[in-house]
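Worksheet: one structure, shown below.
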2 protein chains.
Amino acid sequence: MTLHPQEIEVRFRRHAVRVTRQRAAIYAALVGTSSHPTADDLYRMVTRQHPAMSRNTVYYTLGVLRKAGLVQEVNVGHEVARFDGNVTMHHHLICVQCGRIEDVMDQELDQVKISNRRAKGFHVLGHRVEFHGYCESCREGRRDASPSHG
Amino acid sequence: MTLHPQEIEVRFRRHAVRVTRQRAAIYAALVGTSSHPTADDLYRMVTRQHPAMSRNTVYYTLGVLRKAGLVQEVNVGHEVARFDGNVTMHHHLICVQCGRIEDVMDQELDQVKISNRRAKGFHVLGHRVEFHGYCESCREGRRDASPSHG
DNA sequence: TGCTATGTAGGAATCATTCCTGTCTAGATA
DNA sequence: TATCTAGACAGGAATGATTCCTACATAGCA
Ligand SMILES: [Mn+2]
Ligand SMILES: [Mn+2]
Ligand SMILES: [Zn+2]
Ligand SMILES: [Zn+2]
């Protein structure tokens, strides 16, 4: 989803985030992709237009945007942190081979609950569901390989 | 759950894992707790009985046991890796304040599915559900604090 | 009882992320 | 519009969990 600069500014102000060129560029890059990029991916995307931008600014900005609720971190296993500009409730499909992450929007998943009896006294605020498997292109690559994982 | 040394040996051999004192100690410590310890937690637990054990052996062993399917890694956000000796299907409650992780055994959660239409060509092998909230003791600590999270 | 592939200990290396510090600037104020 | 200052930026150093390397030890097999 591509965002107009004004819309970015509106969102930043609504969330009390100071508007700077660096932040707008980082946020635009993140919202403009569905690939759940790493901080370094974003650094590389954004330095094409802003060669002086420091990696530190990318980390700092992602922290600011996350605290403001404009961005979320999506962690897969123990790999490098990946970021998501989509903060509406959704879940993820994760390819165990290539690491691709795709969004799943599904009301049924959003409504998954846990019985009070099983909640062990927790006050549950939210949940997330992760599906693990092989993405379409990794499946194709595996067709003629060993059928061990089907 | 405490495990007899023979049972550990049986499991190792069943999974073609060489039996060593270090591995048995690490695996026993992990299966003996429900706290989802870190590699370093396990290192500290295990060096009480095996002072010569190296941290590297803990990492290496956890890797071996994970590949063998005797252990799983549980990652919470981007914190240090935590390990779980319970490899039966289950899900987790995670305290966003203190980091506590508790098990949830619930068939309904095990059966959560995604429609083919939404699966985007993925061949789904499994899923996990994470609930986030405040654990009982963190809720108590928050009683007299601001009531914002109830 | 030997042989050998594999495991272990200890230390060095890696590298994503955080910390530090000296400018710089967004946005508020007069 | 000029001034002020809390917060942002760049660059570089530090951190720390994890991995890599290597020489010695040993599990399990014949
Ligand atoms: Mn997403
Ligand atoms: Mn568990
Ligand atoms: Zn894939
Ligand atoms: Zn807690």
Side-chain angles (χ1 to χ4, degrees), chain A residues 5-6 8-27 29 36-68 70-83 99, chain B residues 5-6 8-27 29 36-44 46-68 70-71 73-83 99:
Chain A
Q6 307 121 290
I8 292 176
E9 203 175 318
V10 167
R11 290 194 191 179
F12 280 14
R13 293 198 195 286
R14 190 182 297 146
H15 292 260
V17 170
R18 279 204 192 176
V19 181
T20 69
R21 271 170 288 117
Q22 291 91 334
R23 287 177 178 183
I26 292 164
Y27 183 66
H36 304 85
T38 66
D40 211 64
D41 292 336
L42 287 165
Y43 174 71
R44 276 182 268 110
M45 291 182 221
V46 150
T47 43
R48 289 202 286 263
Q49 298 298 324
H50 301 260
M53 170 130 21
S54 119
R55 210 174 242 100
N56 186 25
T57 299
V58 176
Y59 279 106
Y60 181 69
T61 296
L62 288 169
V64 168
L65 296 179
R66 184 169 45 68
K67 281 170 204 147
L70 284 166
V71 154
Q72 63 168 324
E73 213 174 309
V74 182
N75 294 111
V76 179
H78 224 217
E79 289 163 20
V80 303
R82 296 176 67 168
F83 295 87
Chain B
Q6 308 121 290
I8 292 177
E9 201 174 320
V10 167
R11 291 194 190 180
F12 281 14
R13 294 198 194 286
R14 191 183 297 146
H15 291 261
V17 170
R18 275 204 192 177
V19 182
T20 68
R21 271 171 288 117
Q22 291 91 334
R23 287 177 179 184
I26 292 164
Y27 184 66
H36 304 87
T38 67
D40 211 63
D41 291 337
L42 288 165
Y43 174 72
R44 274 180 271 110
V46 150
T47 45
R48 288 202 288 262
Q49 298 299 326
H50 300 261
M53 171 131 16
S54 120
R55 210 173 244 99
N56 185 26
T57 298
V58 176
Y59 279 105
Y60 181 71
T61 296
L62 288 169
V64 168
L65 296 178
R66 185 169 44 68
K67 282 170 204 147
L70 284 166
V71 154
E73 214 175 307
V74 183
N75 294 110
V76 179
H78 223 217
E79 289 164 17
V80 304
R82 297 177 65 168
F83 294 86

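Just so it is clear, the model here is predicted, and its values are computed rather than measured.
Without hydrogens or angle criteria, His78(B) side chain to His78(A) main chain gives no donor-acceptor distance under 3.5 Å. Panel note: side chain His15(B), backbone Ala68(B); a donor-acceptor pair is recorded below 3.5 Å. The backbone N or O of His50(A) sits nowhere less than 3.5 Å from a side-chain atom of Thr47(A) that would complete a donor-acceptor pair.
Just one residue in the list Thr61(B), Thr20(B), Val64(B), Val71(B) forms a side chain to side chain contact (heavy atoms under 4.5 Å, CB included) with Ile26(B), and that residue is Thr61(B).
Place Met53(B) and His78(B) on DNA chain C by their nearest nucleotides, and Met53(B) ends up nearer the 5' end. For Glu9(B) and Glu73(B), each mapped to the nucleotide of DNA chain D holding its nearest heavy atom, the one lying further toward the 5' end belongs to Glu73(B).
With rounding to the nearest 0.5 Å, the separation of CD in Glu9(B) from CZ in Arg23(B) is 13.0 Å. Put simply, CD on Gln72(A) and CZ on Phe83(A) are 11.0 Å apart, with the number rounded to the nearest 0.5 Å. One distance of note links CZ of Arg44(B) with CE of Met53(B); it measures 14.0 Å at 0.5 Å rounding. Note: Leu70(B) CG to Tyr27(B) OH = 4.5 Å, rounded to the nearest 0.5 Å. The OH atom of Tyr43(A) sits 12.5 Å away from atom OG1 of Thr38(A), with the distance rounded to the nearest 0.5 Å.
One axis for each end of the helix from dT1(C)-dA30(D) to dA30(C)-dT1(D), each built from five base pairs, and the angle between them comes to 40° at 10° resolution.
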Polar atom pairs between nucleotides 18-21 of chain C and protein, under 3.5 Å, N or O only, would you list them?
unit_1	atom_1	unit_2	atom_2	d
dC19(C)	N4	Asn56(A)	OD1	3.2
dC20(C)	N4	Asn56(A)	ND2	3.3

List, with names and distances, any nitrogen or oxygen atoms from the protein found under 3.5 Å away from nitrogen or oxygen atoms belonging to nucleotides 24-27 of chain D.
unit_1	atom_1	unit_2	atom_2	d
dA27(D)	O3'	Val19(B)	O	3.4

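Rounding to whole angstrom units, CG of residue Leu65(A) and C1' of dA8(D) are separated by 13 Å. Spacing between atom CZ of Phe12(B) and atom P of dT6(C) amounts to 17 Å, rounded to whole angstrom units. Here the C1' atom of nucleotide dT25(C) and the CZ atom of Arg23(A) are 11 Å apart, to the nearest Å. Atom CG of Asn75(B) and atom C1' of dA17(D) are 12 Å apart (whole Å). The CG-P distance, from Asp40(A) to dA16(C), rounds to 7 Å in whole Å. dA16(C) atom P lies 11 Å from atom CG of Asp41(A), rounded to whole Å. One atom, OH of Tyr60(B), and another, P of dG10(C), lie 17 Å apart when rounded to the nearest Å. In this structure, CD of Gln22(A) is placed 9 Å from C1' of dA10(D), rounded to the nearest angstrom.
The two atoms that bring Ala25(B) and Val46(B) nearest to each other are O-CG2, 3.6 Å, heavy atoms only.
A salt bridge links Arg66(B) and Glu73(B); the closest N-O separation between the charged side-chain nitrogens and carboxylate oxygens is under 4.0 Å.
Thr61(B) comes within 4.0 angstrom of sugar-phosphate atoms only, judged by non-hydrogen atoms across all strands, and of no base.
Contact check for Arg82(B) versus Asn75(B): no side-chain heavy atoms found under the 4.5 Å cut-off.
In this model, the phosphate group of dG10(C) is not approached by any side-chain N or O of Ser54(B) to a distance below 4.0 Å at OP1 or OP2.
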